[in-house]
Amino acid sequence: MNKIIKGLFASALVTVMTACSSDYLEQPPIDLVSDAAVGQSVEGARAALWGACEAMYIGYGADYTERFGSGEAYFQTYYGDSPSPDFADSFLWGSQKEGQAWVFMTRDSGNGGRYAWMYAYNLINQANVILSCIDNVPGDPADVKFIKAQALTLRSHAYIRLMQVYGPRYEDRENGNALCYVLRLTPGSDPSPLVTYDVAVTQIYKDLNDAITLFTESGKSRTKGYEPDINVAKGLFSRIALINHDWPMAQKMANEARANYPIMSPTDYLAGFGKANGEWLWYNDFNKTYLGYNSWGASFACNGGYATSYDWSGAGAISWKLYKQIYEKNESDVRCQLFWTPDKADLYVDYGFEEKDFWNADYVYPARMNMWLVDPQMTAAITLWSRYNTPEGYENSGIFFEGYNLGEMLDVTPQACQNPKFVESLYNWFAQNIGATRVQFGAQIKFWGDVEELGDAQHPFLRASELLLTEAEAALEQGDNTTAQNCMKELNGNRMSGYTCTLTGNDLREEIRLYRRIELWGEGDAWFSFKRWNVPVKREIWKEGDVNSNNFMPAFEGSYEPSYCNGWRYEIPRSEKDYNNIINDQLNK
């Protein structure tokens, strides 16, 4: 029996189809559905489509260095965030630290440069299997059109991801002739040449245009948030149009995609980012395959299994210099509540722990940027901040440390922490029960997960705020200051009090870029944006006693010009080049 999941990367993937609805559970597992079954009925084609969608949040490897690769959320963090100047994470200290230090980018071997290729081509192959037979599937023509549109959208998404990682930026496209990646439009992984930038972009445009037409003609709607639909297709169109500097298309598609998806309120923004809300266009389901410690949330939800269990770990930290820009613009910005930063030192009680102590090696472990249990007052400050910023529904979740239960600590209040004896007893309690140092300078509490599932969470793949910021950027690049200003007011009016925007030209451009970085922090956008903006990146480190220094650990220091590594392009993996001699011939010319 031929499998849906086949080709070069078949051995890297095991997919189990599960869901809440009974009709879904009646479908055979995706790895037991033959190519023939996909083409025999709408039900078979839909099962294959759902299986492809689930491939966006499953594990892709078994060995230690690869097993954390768990689909789209991992891709976003590992490629979109960790190399950026805005994101630091001590969890990536071990074998993966070279991702943050931009080393994997320069190699064609190893999992760091290979995962994106493997992930994308698995999605592409599954979409191609569906597309190869969907036109002849018997059943309701509307259903057939809808499933075909969804498969085209998934394929486009995967090719956009390849462009972001392995493709050139617009300025480096060599009049459209720069080589990008292998274009596969039929099932399988036969040796094929690299295609040019123009060919790659043209195919993505075609797929998305066709998908939008088919979505419209079908009149159908999706039933699950992890399925792509017409809004997702338009949102993805805005992404490739931004990369391609096609400003009119980027603005149009972003505006249309976010219709009926209102910008989340301050309350929703502070609600934990662990469950989808009305602003999210596309997101994973809760992982019924139970990845456990291999799930994205185990490492990157602030209450995840790894993030709370090891003194070298943490769930990610924001760049202090980025944070400071936002905080100094408007202290009421709700996004500022989500990070452990120097302004929190005496937020609730002034008892001697000060902002300057964040640059004191007696309080900070420089090699990891961790802070905790070195001082009773700092312990109380972290406890108060975390307690008063825990979202509803997560009160009994551990934050920063395993076993901490707010239900047992409800007497921790600003009033209680004014009592030196209470502060000392609080410190001693943690020292006896926790005994670890793991709260990073800049630690985030934006992302939360189901603590019983080690941090399993839903994660946004696309939401309206990104589209609003895309609309603003595209409008400005066409000289439309008014639309760009209105977009910024719509976004930031939901994030802070008293925001207004009268900036124009380059000042407005910098405003849009700055707020894109904070709004989408941790959602896999930063490095991709810096790449397409064609600007240098500098990752600045912490220096003792220097309050003007940043909060990156020494291992992650670096300055990268746009020309670095062939224009920030990951090397095509050796696993592809070893059997695809056509590529080698092209690259060696």
Side-chain angles (χ1 to χ4, degrees), residues 90 270 272 301-317 336-446 448-449 451-452 454-455 542 544 551:
S90 59
L270 299 174
C302 68
N303 60 336
Y306 270 116
T308 61
S309 299
Y310 295 91
D311 60 0
W312 47 262
S313 190
C336 291
Q337 296 181 37
L338 301 178
F339 304 95
W340 171 245
T341 44
D343 53 294
K344 314 296 194 310
D346 57 359
L347 181 62
Y348 296 102
V349 178
D350 184 3
Y351 34 44
F353 178 53
E354 304 177 75
E355 291 191 19
K356 65 181 178 61
D357 291 325
F358 278 72
W359 288 271
N360 184 338
D362 291 336
Y363 292 87
V364 180
Y365 176 40
R368 304 289 174 84
M369 285 292 97
N370 284 346
M371 314 171 69
W372 188 250
L373 292 179
V374 296
D375 177 84
Q377 283 72 36
M378 186 176 75
T379 301
I382 293 174
T383 305
L384 285 169
W385 169 70
S386 62
R387 178 197 165 188
Y388 284 105
N389 289 280
T390 297
E392 183 178 354
Y394 297 101
E395 293 87 353
N396 294 327
S397 295
I399 315 171
F400 308 135
F401 35 84
E402 187 175 25
Y404 174 50
N405 187 319
L406 275 173
E408 300 173 358
M409 302 297 295
L410 292 179
D411 57 345
V412 181
T413 64
Q415 293 74 26
C417 287
Q418 289 174 348
N419 184 333
K421 290 184 178 180
F422 178 84
V423 171
E424 190 68 31
S425 66
L426 179 70
Y427 173 78
N428 290 334
W429 186 91
F430 282 125
Q432 293 169 9
N433 291 277
I434 309 301
T437 304
R438 63 173 69 95
V439 181
Q440 289 178 266
F441 181 162
Q444 64 89 9
I445 53 171
K446 178 177 178 178
W448 294 71
V451 70
E452 294 183 1
L454 299 174
W542 182 92
E544 185 171 10
N551 61 324

* **Residue pair Ala315 / Ala307: nearest heavy atoms and the distance that separates them** => CB-CB, 3.9 Å
* To do: Calculate, to the nearest 0.5 Å, the distance between atoms CD and OG1 belonging to Glu355 and Thr341 respectively.
  => 8.5 Å
* Asked: Considering residues at least two apart in sequence or located in another chain, which fulfil the ring-ring contact (aromatic ring centres under 6.0 Å, His included) criterion with Phe358?
  -> Trp340, Phe353, Phe441
* Asked: Atom CG in Asn428, atom CD in Glu424: separation rounded to 0.5 Å?
  -> 5.0 Å
* Just how far is it from atom CG of Asp357 to atom CD of Gln377, taken to the nearest 0.5 Å? -> 10.0 Å
* Asked: Is any side-chain heavy atom of Asp362 less than 4.5 Å from a side-chain heavy atom of Val374?
  -> no
* Considering all heavy atoms of both residues, which atom of Phe339 and which atom of Trp385 are nearest to each other, and what is their separation? -> C-CZ2, 3.3 Å
* Does the side chain of Pro391 reach to within under 4.5 Å of the side chain of Leu270, using non-hydrogen atoms? -> no
* **Nearest non-hydrogen partners of Val364 and Trp542, listed with the distance** => CB-CZ2, 4.1 Å
* Is there side-chain contact between Met378 and Met371, with at least one heavy-atom pair below 4.5 Å? -> yes
* To do: Over all heavy atoms of both residues, which pair between Ala345 and Glu354 is shortest? Give the atoms and the distance, please.
  => CB-C, 3.7 Å
* **Shortest non-hydrogen separation from Gly449 to Tyr394 and the atoms involved** => O-CE2, 3.6 Å
* **Side-chain donor or acceptor of Gln444 paired with backbone N/O of Lys446 under 3.5 Å** => yes
* Minimum side-chain heavy-atom gap Leu426-Thr383 below 4.5 Å -> yes
* Interatomic distance, Trp448 atom CH2 to Cys302 atom SG [nearest 0.5 angstrom] -> 4.0 Å
* **Heavy-atom pair with the smallest gap, counting every atom of Gln440 and Asn370** => CG-OD1, 3.2 Å
* Are any non-hydrogen side-chain atoms of Tyr388 and Thr413 less than 4.5 angstrom apart? -> yes
* Looking only at atom types and distance, does a side-chain atom of Asn389 sit under 3.5 Å from a main-chain N or O of Ser386, one as donor and one as acceptor? -> no
* Asked: Should Val412 and Cys417 count as side-chain neighbours, where that means a heavy-atom distance under 4.5 Å?
  -> yes
